[in-house]
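Ligands are counted one by one from 1 in listed order, and the atoms in each one are counted from 1 as well. Below, each value reflects all heavy atoms present in this structure, side chains not excepted, and no hydrogens, waters or symmetry copies.
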Amino acid sequence: MAEGDLSPTPWAIETHGLAKSFGNIPALAGIDLKVKRGDHLTVFGPNGAGKTTLIKLLSTLSKPSGGSVLLDGLDIRKTPEQSRSKLGVVSHSTFLYPHLTVSENLRFYGKMYGLANLERRIEEVISQVQLKARLHDRVGTLSRGMQQRVAIARAVLHDPPVMLLDEPETGLDPHATVMMRAVLEHFTSGERTVVMTTHNLARGLELADQVLILHEGVVVYQEVKQEIDAAAFPEIYDRCTGMRR
Ligand code: ATP
């Protein structure tokens, strides 16, 4: 390994015994996972399974009750700033200021990351999410689908190698969903490592290299995509989560 090489491990993300409790409720009860650099992990699970909790812990938004998260082999608790600079997070909340315009929002986040050539970067990402015409409109005046695309622009502004997506398509109509998929495909293909939660079994499986099913805070199924028969997957999901269709 060359001196100064901070990437001796093939794993972009590792968790070891990752746990989170809220009072007596164990939202996550000790999760071990490894995601290879450039891979896409899809996390499935019914309501309350712990998916959002996992994304919050991976993104440093929440502190674990136990265990650890490593990004590129480094413990995120010991390197919080460096870790955050590697992460782009898209969740239920857009983390946008509704009274500020799209460009003001992006400028705010860009400055926080200390980005050089910020105006050029804003133009670039806003074109990529196909919202150039709305750059000077207040975020609060945009549709939910458009706001979600601004949230993606915000998440990729600093070109993070890892994206964490918590049900990115939830609440979007069919047209907005199609738009969102095109935008997400643009940003999640290639070298980026992606962890995405979704309730959409077919879509989640299609995008995955690796699949995980959470149930009551526990990993009840973990498999690489090549080993999964897509036609049988809904049944596997039902069996693992104790559901009946
Ligand atoms: P959904 O599909 O509904 O989004 P989820 O799989 O994302 O569900 P989480 O939001 O991670 O589930 O919640 C896991 C468990 O942790 C649930 O029992 C939930 O009630 C509990 N929980 C999550 N956040 C909190 C909180 N801030 N305070 C108390 N309990 C919480």
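Note on ligand 1: Glu167 sits in its first shell, one or more heavy atoms being nearer than 4.0 Å. Within the 4.0 Å heavy-atom shell around ligand 1 one finds His199. For Gly45, the heavy-atom gap to ligand 1 stays at 4.0 angstrom or more.
Heavy-atom proximity to Thr52, at under 4.0 Å, picks out these atoms of ligand 1: 4 (O), 5 (P), 7 (O), 10 (O), 11 (O). Under a 4.0 Å criterion applied to the non-hydrogen atoms of Ala49, ligand 1 contributes the atoms 5 (P), 6 (O), 12 (O). Distances below 4.0 Å separate heavy atoms of Pro46 from the following atoms of ligand 1: 6 (O).
When Arg149, Arg144, Arg181 are each tested for a salt bridge (charged side-chain N to carboxylate O under 4.0 Å, His left out) with Glu169, only one passes: Arg181.
Using a 4.5 Å heavy-atom threshold, the side chains of Lys34 and Thr15 count as separate.
Taking only nitrogen or oxygen atoms, main chain and side chain alike, Thr53 reaches within less than 3.5 Å of ligand 1. Taking any N or O of Phe22, backbone or side chain, none lies under 3.5 Å from an N or O belonging to ligand 1. For ligand 1, the polar-atom distance check finds no N/O of Ile25 at less than 3.5 Å from any of the ligand's N/O atoms.
Looking at atom 3 (O) of ligand 1, its nearest protein heavy atom turns out to be Asn47 ND2, 2.8 Å. The nearest protein atom to atom 2 (O) of ligand 1, hydrogens excluded, is given as Lys51 NZ, 2.7 Å; this is a heavy-atom distance. Nearest non-hydrogen protein atom to atom 8 (O) of ligand 1 is Gly48 N, 2.8 Å.
Remark: atom 16 (O) of ligand 1 lies closer than 4.0 Å to at least one protein heavy atom. Distances from atom 31 (C) of ligand 1 to the protein include at least one heavy-atom value under 4.0 Å.
Think of Leu54 as one node in a network of Ile, Leu, Val, Met, Phe, Trp and Tyr side chains linked at under 4.5 Å; its network also takes in Ile13, Leu18, Leu28, Ile31, Leu33, Val35, Leu41, Val43, Ile55, Leu57, Leu58, Val69, Leu71, Ile76, Leu87, Val89, Val162, Leu164, Val195, Leu212, Leu214, Val219.
In plain terms, the two heavy atoms of His215 and Pro46 that are nearest each other are ND1-CG, 3.8 Å. Contact record, Gly145 with Ala176: CA-CB, 4.2 Å, taken as the closest heavy-atom pair.
Taking the six-membered ring for Trp and the full ring otherwise, the centers of Phe233 and Phe44 sit less than 6.0 Å from each other.
Judged as a side-chain hydrogen bond (donor to acceptor under 3.5 Å, both in side chains), and not counting sequence neighbours, Glu191 has no contacts.
Residue Lys36 places its NZ atom among 12 or fewer non-hydrogen atoms of other residues, nucleotides or ligands, all under 6.0 Å distant.
A salt bridge links Arg107 with Glu119: the closest approach of a Lys/Arg side-chain nitrogen to an acidic carboxylate oxygen falls below 4.0 angstrom.
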